[in-house]
Structures are given as structure tokens and as C-alpha cells.
Protein chains: 2
Amino acid sequence: MQLEFLGTGAGSPSKQRNVSSVALRLLEERNAIWLFDVGEATQHQILYTTIRPRKIEKIFITHLHGDHIFGLPGLLSSRSFQGGDEPLTIYGPVGIKRFVQTALQVSESRLSYPLHFVEIEHEGEIFKDDSFTVYAKRLDHKITCFGYRVVEHDHPGELQVDKLREMHIPSGPVYGQLKAGKTVKLDDGRVLNGQDFIGPAQPGRIVAILGDTRQTKNAVWLARNADVLVHESTFGKDEAKLAHNYYHSTSKQAAEIAKEAGAKRLLLNHISARYAGKAAYQLAYQVRKLFPNTRVVNDLDVFDIPFKKQGERDGK
Amino acid sequence: MQLEFLGTGAGSPSKQRNVSSVALRLLEERNAIWLFDVGEATQHQILYTTIRPRKIEKIFITHLHGDHIFGLPGLLSSRSFQGGDEPLTIYGPVGIKRFVQTALQVSESRLSYPLHFVEIEHEGEIFKDDSFTVYAKRLDHKITCFGYRVVEHDHPGELQVDKLREMHIPSGPVYGQLKAGKTVKLDDGRVLNGQDFIGPAQPGRIVAILGDTRQTKNAVWLARNADVLVHESTFGKDEAKLAHNYYHSTSKQAAEIAKEAGAKRLLLNHISARYAGKAAYQLAYQVRKLFPNTRVVNDLDVFDIPFKKQGERDGK
Ligand SMILES: [Zn+2]
Ligand SMILES: [Zn+2]
């Protein structure tokens, strides 16, 4: 599981930063890529990564401002052109379907795969399967905007085969029953409880990816105990008034959210072009006293999201 | 007057070529830029030129395929964001207005300038003012597609002031009347015909910019005596069958059009990604026996379109 940033700028593209898009790489987990927002030229950015458009399984749109959606029609068309045939689902505010369908109709684009839409009208769980649950909550932006919380389900513990071998229990169907947690009576009369032979569960990871927003309580909810929080920082620490007026956040406000939520790592994106070069990094340095594990991300940055280590799992 | 190519590829963007867009730079002529097609990330390409979006006065769309229009909403929004306030007019097939308006509505983009649409339903003259006339003709593509012929009006000859001075005619209102071509009687009784004191007219330039098309007679009409013909060459000389099946042209077909039309220069664009590096240049080399002044264009290439020289004007 990795986060790959395809566009980290605000509003308009610049030579340094493209408009918004983040990929959540779930290749080991489900052989899929999930995208969050698709600003114009996201497909161009993808040319500089190892992402194959056909692997994009889901797209989550935070809000309908152009810098977050204008790359969708082109990406969807190219995915088709490159032979993608697996279904793709787009989640987002009401209106995303009309935008995409109009673009595809007018351009007479016929996609080679089924395209589904989930227009979010109620907050809460918007997707769940065997391995992941995704939640959406409203943020505080000029137009309807959602933040997303992606929760990987815990991985059940492994069967402790070494322990069974030490006890001279031969492999066979018994192993499967024990792995399923059942109690088993062996031919020699011994009774074994599967629970005693299963290692500790591996807690799933939590990633919170937010859209454009003022500082809001819902961001804390979304980022609760998250391994990574991706939060906008359109403005620097001392620009709270500007941030408020434009429905955006400062780096300090983002750090406060990360701290209150107990997140492990804060990645700042949606950086205004007014912060170029070193000035952009300052956005993170400014707030490290408040939340040390803070980084400003750049286009094409990749961040691994590792499983929690044994110590962390045991609840330090 | 120059042509600046912003995207010269076919179908999908590649690292080498972006999707379609050409700028006709008319800065000396009218302090304006005209764009022909706006594929996705045209505004990104513009960042690498001296073009200022606020100078874009007209946009001509050849057809509604995504690789020719998906950059429009972003470009229009950025032009507004950068403070453009002059009106902008978009010409193109029926449907272009619906596409643009839906994108702007859904994204709640309010432009800082008046946006006009001219949806072309009849071939012929689509624009005329004091200095330019633009014609549109249907091409032969899978969907409705237009080619454009931009005709600069002839510049009237200059008043030959040296000649008047030699004849000891003092400057004054008489000069204005002579420049207007009138016959004037001087106080000393001499009668002068303005026509005798006006230098040769400077013929205007003609530029033909075509969209995606099979070889078609209308292309000859559009390119008649053009200083430059921009013609697609999605395929190489020997791929006429493929070109026909996909509603495109070969380099040879483009050269035949240029020759028959008596164009002075042929620029080949809309190059398929199958022709990379040297293979792309071959598209031009292949046809130079047929039409010597042929070039394959690359992204960000600029071509000057000079006035005809004296010898050419005298109608060799
Ligand atoms: Zn934004
Ligand atoms: Zn095309």
C-alpha cells in the first residue's frame, strides 16, 4: 500500500505542481489502484509512473471544482483506448455523473468497460467488501466537498505451524480446522483449541484523504488513528484569515487536526503557487513542533504505508 | 503571424506529443491569439510558451472528439483566474456549447469575461472583420469535422511620400486624399490621381488548418493558394487502407492535397504514437518528391508565416 501524488497544486496548474490527484496503490492488497480526484492532465502525470490505467478500479472525487475533475473524461477515454475492460466506479458529489456523461456523449466516446457512479447523498459508509471499508464525511468548502477514510480490515493471524510440528501434529485437514479457530479432537485423544495456534491479528491500515476544506471537526473523525492523513494546506501558518475567506486551511490548522485525531503521519498537499521552492517546505517546518511527522508532498512523490510493527500493535 | 504547435499527437497523450492544439499567433496583426482545438493539457503546454491566456480571442474547434476538446474547460477557467476580461468566442460543431457549459456549471466556475459560441451549421464564411475572414468547410471524419481557412485581407499600398516630395507637393490634407485614392486638383493647377502615388498592395496571408479527415476535395478548397496548410498525417504513406478505416489520412494523401491546392508549405500534425523519433520524420521524407516543402511538426514548434516577397506578389 502506497500513496502516489499525481498533482499537489491548488487551482491552476504550474510548471512545479499539477492540479489535484492522488493514487492509493493497492496492488498487493487487491491488484488495483484507487484515485482521489482527477485534475486536468492526471493521465499525463500517470505516464511518468508505473500505474496502468486499466488497474484503476475506483475513483473518489472530493468536490466538483475544475481543478479536481477536469481530467476525468480524458483518463476514462484513455483507459478504454488502452484496452481496459474491468468495471470502474466513480464516487463523488451529485453532479459528477452529469459532467462525465455529457463529456462522453458529446465526444461520442464509447468505453470498453462498464462505468458506474455512486453519487454520495449521505455521509458514512460508501463502500465495503471483504478487505476494505470506505467512509465519506462532509468537509467545509465553498461547494459540497467530501473527505474519505479508507479502512483496511484486520488480517487474521497466521496458523503457527512450527508450534504444531513441535507437538508432533501431522499436517492434514486438522490444520485447516485449527486455522479456522475451531476446537479439534485428535485421534490420540488430545483436544486442541485453534485459538491457541493462531498468531496475533495484523491490524489493517487507515488512510484519510481529504479534499479542499476549512478546519473542520469532520476531518478529525475521518483521520482518527489514521496511519496517514492527507490534508490540504493552501496557505501558510499565519494566513488563517485568508484561508477562511477562500474556504481553505493553513498548515497549522492541518497539523492541529492530525494531532487531535491521533494520526501517525501528516502529508500536506494542495499547495498554492505562492509557495514555491523552499517556501513550500516551510509549510511543514512551521508546524513540526505541533505535529512532528509532517511533510509537504510534491508531484510524483510516493509514500509507503507499512503495517504497524509488533510493538505498535500491542498497543504501546 | 506565426503558427505555434501545442499538441501534435493523435488520440491519447504520450511523453513525446500532447493531444491536438495549434495556436495562430496574430500579435502584430491584432494583438491576439487564435487557438485551433484544445486537447487536454493545452493550458499546461501554454506554460512553456510566451502565450498569455488573456490574449486568446477566438477558439476554433474542428470536431468534438475528446483529444480535441477536453482541455477547454480548464483553459477557460485559468484564463478567468488570470484576470482575462476580454470576450472570447468559440466556433465549432453543434454540441461544443453543451459540453463547455455543462463543465462550467457543474464545477460552479464563473468566468470573468463574456464567452460566446458560434455553432457552425452551414459551411462558408463564419467570421469577417476589417482584417480577416475565416471560412469553414466539412471534412470527411467519423463525426462532423471542420477545416478552417483563415484569410488575411490585403494591406493597401503605402502612399509614396518620396515621389510626392520630388514633385514639390507640400504635405497637408492633400496627402490624405491621395492616400484614399482620390483625384486632387492642386492650387497650382496640377491634377493628381491618387492611384499613381500608392505603392503595390501587400497581399494578405492564407492559413489552412484542418481537423481529422480522410483525403477530401474540401481540403483542396480550404488550402487553395495557402501560405501554409496544416494537415493531419495519422498514418504513413503506405497505410491508405488503415487511414480509410479510421477516417484519417496518410502523409501521401496530405501531400497530394497540398500540391493540388497550390499551397506553399505543408505541415503534418496529428502523428500517431506508432511513429516515434525518426519514424515520424519519415512521414515527411516519404512525400518530398510529391511536395518538397513538407515538415512533420513537434510540440512547441513555431513557424513564421512571412508576407509574400515582391517577386511572388507580381504573380510569377
Ligand atoms: Zn482545489
Ligand atoms: Zn484526433
Side-chain angles (χ1 to χ4, degrees), chain A residues 7 9-19 38-48 53 61 63-82 92-111 141-144 273, chain B residues 7 9-19 38-48 53 61 63-82 92-111 141-144 273:
Chain A
S12 287
S14 70
K15 284 185 189 174
Q16 285 72 42
R17 298 180 185 277
N18 196 32
V19 285
V38 185
E40 184 179 354
T42 294
Q43 65 163 325
H44 297 66
Q45 295 288 85
I46 285 176
L47 294 174
Y48 295 89
I61 298 296
H63 65 300
L64 303 180
H65 277 157
D67 58 321
H68 297 254
I69 64 169
F70 284 165
L72 257 178
L75 178 72
L76 298 177
S77 300
S78 291
R79 185 180 189 267
S80 178
F81 186 73
Q82 289 161 32
V94 174
I96 191 63
K97 183 173 178 177
R98 181 175 158 231
F99 167 67
V100 170
Q101 287 194 334
T102 301
L104 297 178
Q105 277 167 19
V106 167
S107 60
E108 297 198 18
S109 307
R110 277 168 210 91
L111 301 181
H141 196 44
K142 195 175 183 186
I143 62 175
T144 301
Chain B
S12 287
S14 70
K15 284 185 191 174
Q16 285 71 42
R17 298 180 186 276
N18 196 32
V19 285
V38 185
E40 185 180 353
T42 293
Q43 66 163 324
H44 298 65
Q45 296 288 85
I46 284 176
L47 293 174
Y48 294 89
I61 298 297
H63 65 300
L64 303 179
H65 278 155
D67 57 324
H68 298 254
I69 64 168
F70 284 166
L72 257 179
L75 178 72
L76 298 177
S77 301
S78 290
R79 184 181 190 267
S80 178
F81 186 73
Q82 290 162 30
V94 175
I96 190 63
K97 183 173 177 178
R98 181 175 158 232
F99 167 67
V100 170
Q101 288 195 333
T102 301
L104 296 178
Q105 276 167 19
V106 168
S107 60
E108 298 198 18
S109 308
R110 277 167 210 90
L111 301 182
H141 195 45
K142 196 176 182 186
I143 62 175
T144 301

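Because the structure is a prediction, the values reported are computed rather than measured. Throughout, protein chains are lettered first and strands after them, A, B, ... in sequence-line order, and every chain is numbered starting at 1.
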- request: Identify which part of A:Ser77 has an atom lying under 4.5 Å from any heavy atom of chain B, answering side chain, backbone, both or neither.
  value: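 Interface part for A:Ser77: side chain.
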query: Considering only heavy atoms, which portion of A:Phe70 lies under 4.5 Å from any heavy atom of chain B: side chain, backbone, both, or neither?
result: both
Chain A contact via [X] - which portion, at a heavy-atom distance below 4.5 Å:
X        : result
B:Glu40  : both
B:Thr144 : neither
B:Leu47  : both
B:Asp67  : neither

message: Please identify, among B:Lys142, B:Arg98, B:His65, B:Gln82, the residue contributing the most non-hydrogen atom pairs under 4.5 Å to chain A.
response: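 Option with the greatest count: B:Arg98.
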task: Could you have a look at B:Gly66, B:Gly95, B:Gly74 and say which one has the most heavy-atom pairs with chain A under 4.5 angstrom?
output: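 Option with the greatest count: B:Gly74.
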task: Determine the option with the most heavy-atom pairs under 4.5 angstrom with chain B, choosing from A:Pro13, A:Ala103, A:Ser109.
output: A:Pro13
- prompt: Taking A:Ser78, A:Ala41, A:Gly71 one by one, which has the highest count of heavy-atom pairs under 4.5 Å against chain B?
  reply: A:Ala41
- request: Taking atom types as modelled, find out whether A:Asn18 and B:His44 have a side-chain donor-acceptor pair closer than 3.5 angstrom.
  value: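 A donor-acceptor contact under 3.5 Å links the two side chains.
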message: Looking only at side-chain N and O atoms, does B:Gln43 offer a donor or acceptor that is under 3.5 Å from a partner on B:Arg79?
response: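 No, no side-chain donor-acceptor contact under 3.5 Å.
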field: Steps toward side-chain contact (heavy atoms from CB on, under 4.5 Å) verdict (B:Lys15, A:Tyr48)
entry: CA-CA 8 Å; B:Lys15 284 185 191 174; A:Tyr48 295 89; 3.6 Å; yes
For the [atom1] atom of [X] and the [atom2] atom of [Y], what is their distance to the nearest 0.5 Å?
X        : Y       : atom1 : atom2 : result
B:Leu111 : B:Phe81 : CG    : CZ    : 13.5 Å
A:Ile69  : A:Leu75 : CD1   : CG    : 13.5 Å
B:Gln101 : B:Ile96 : CD    : CD1   : 10.5 Å

query: Under 30°, 30 to 60°, or over 60°: which ring-plane class applies to B:His68 and B:His63, parallel, tilted or perpendicular?
result: tilted
